[in-house]
Amino acid sequence: MGLYVNIIKRLNQFDLRVELDLNNGLTGLMGASGSGKSMTLKAIAGIEEPDSGRIVLDGKVLFDSEAKVNLSPQARKVGYLFQSYALFPNMNVLENILCGLQAKGLAEAEAKQKAQGLIEKFKLQGLEASYPLQLSGGQKQRVALARLLAAEPEVILLDEPFS
């Protein structure tokens, strides 16, 4: 699995310039608060659009400013876990996980079966009807991970995974 990133994103305080060429394995981005780590991850995931440059994942062009390519987040097969988990507050645990499965276009019965498997895998049994406000921080994190993995992404980006 290869990831190539060579982008520029103009921000209020500075121009963020990122160049990465990664092959397999785990990579950590480290830097001071406000240095552009989250913005870089969001650009790779397609949540933010760079001003220029190119992002290629396993030979598939996700973004190329010159060729006018900018795949939607759904088309990128990149899982992004927000620092705040970004659970839908009006959806319970089961619905939050199903959201990731329904994005894949699965039939309802198959989606529910897979969601139940993820609920068991992440030890969320008994919490299916609970809403995010009723969950502990660790439970929210596990729901967010289950939802992310439900979509079977090719790459997983974790923003502040140890927070």
Side-chain angles (χ1 to χ4, degrees), residues 1-5 7 9 18 20 22-29 36-50 54-64 67-163:
M1 176 76 47
L3 176 64
Y4 174 77
V5 179
I7 58 170
K9 176 73 175 170
V18 179
L20 303 168
L22 310 170
N23 292 304
N24 296 325
L26 301 171
T27 300
L29 294 180
K37 301 177 302 293
S38 294
M39 183 62 68
T40 300
L41 296 178
K42 289 176 183 176
I44 295 167
I47 298 165
E48 289 283 343
E49 183 177 345
R54 185 173 165 91
I55 301 171
V56 181
L57 175 61
D58 232 12
K60 180 180 179 181
V61 177
L62 306 181
F63 176 82
D64 188 325
K68 306 276 191 257
V69 173
N70 188 14
L71 296 183
S72 71
Q74 297 82 4
R76 292 181 183 220
K77 298 205 71 159
V78 172
Y80 180 75
L81 184 63
F82 290 87
Q83 183 176 350
S84 63
Y85 312 130
L87 296 176
F88 299 110
N90 59 328
M91 293 183 182
N92 62 36
V93 168
L94 178 60
E95 293 165 336
N96 264 284
I97 296 171
L98 280 171
C99 181
L101 290 162
Q102 290 165 338
K104 289 180 60 176
L106 294 180
E108 186 177 341
E110 185 180 0
K112 284 186 177 181
Q113 182 181 17
K114 287 193 176 221
Q116 193 56 47
L118 288 163
I119 285 167
E120 291 170 15
K121 186 176 203 167
F122 284 94
K123 310 255 187 281
L124 296 164
Q125 301 96 318
L127 297 172
E128 294 90 341
S130 299
Y131 288 86
L133 282 174
Q134 299 169 310
L135 302 175
S136 71
Q139 291 167 334
K140 289 177 189 176
Q141 187 175 44
R142 293 197 318 269
V143 172
L145 279 168
R147 182 180 64 191
L148 177 131
L149 293 176
E152 298 177 349
E154 293 175 1
V155 171
I156 297 172
L157 307 176
L158 306 173
D159 194 355
E160 296 289 346
F162 300 116
S163 63

Counting only N and O atoms by type, is there a donor-acceptor contact under 3.5 Å from the side chain of [X] to the main-chain atoms of [Y]?
{"X": "Q134", "Y": "Y131", "answer": "yes"}
{"X": "D58", "Y": "G2", "answer": "yes"}
{"X": "E95", "Y": "V93", "answer": "no"}

Please name the pair of heavy atoms, one in [X] and one in [Y], separated by the smallest distance, quoted to 0.1 Å.
{"X": "L101", "Y": "A115", "value": "CD1-N, 3.5 Å"}
{"X": "S38", "Y": "D159", "value": "OG-OD2, 2.6 Å"}
{"X": "P132", "Y": "K140", "value": "O-CE, 2.9 Å"}

Measure the spacing between [atom1] of [X] and [atom2] of [Y] and express it to the nearest 0.5 Å.
{"X": "E128", "Y": "I119", "atom1": "CD", "atom2": "CD1", "result": "4.5 Å"}
{"X": "L94", "Y": "L127", "atom1": "CG", "atom2": "CG", "result": "11.5 Å"}
{"X": "L87", "Y": "Q139", "atom1": "CG", "atom2": "CD", "result": "11.0 Å"}
{"X": "Q116", "Y": "I97", "atom1": "CD", "atom2": "CD1", "result": "8.5 Å"}
{"X": "E48", "Y": "I7", "atom1": "CD", "atom2": "CD1", "result": "10.0 Å"}
{"X": "L106", "Y": "Q113", "atom1": "CG", "atom2": "CD", "result": "10.5 Å"}

Contacts table for residues 147-158: side-chain donor-acceptor under 3.5 angstrom, sequence neighbours left out:
unit_1, atom_1, unit_2, atom_2, d
R147, NH1, A86, O, 3.3
R147, NH1, N96, OD1, 3.0
R147, NH2, Y85, O, 3.2
R147, NH2, A86, O, 3.0
E152, OE1, K104, NZ, 2.8

Query - K60 and L71: CA distance, side-chain angles, deciding distance, side-chain contact (heavy atoms from CB on, under 4.5 Å) verdict - result: CA-CA 10 Å; K60 180 180 179 181; L71 296 183; 3.6 Å; yes
Is atom [atom1] of [X] surrounded by more than 12 heavy atoms (other residues, nucleotides or ligands) closer than 6.0 Å?
{"X": "E108", "atom1": "CD", "value": "no"}
{"X": "K112", "atom1": "NZ", "value": "no"}
{"X": "K123", "atom1": "NZ", "value": "no"}

**Report entry** Any residue meeting salt bridge (charged side-chain N to carboxylate O under 4.0 Å, His left out) with D64, in chain and number order, not counting sequence neighbours
**Finding:** R54
**Report entry** Passing candidate, side-chain contact (heavy atoms from CB on, under 4.5 Å) with P50, options I55, T40, V18
**Finding:**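 Running side-chain contact (heavy atoms from CB on, under 4.5 Å) over I55, T40, V18 with P50 returns exactly one hit, I55.
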**Report entry** Residues forming a ring pair (Phe, Tyr, Trp, His ring centres under 6.0 Å) with F82, sequence neighbours excluded
**Finding:** Y80
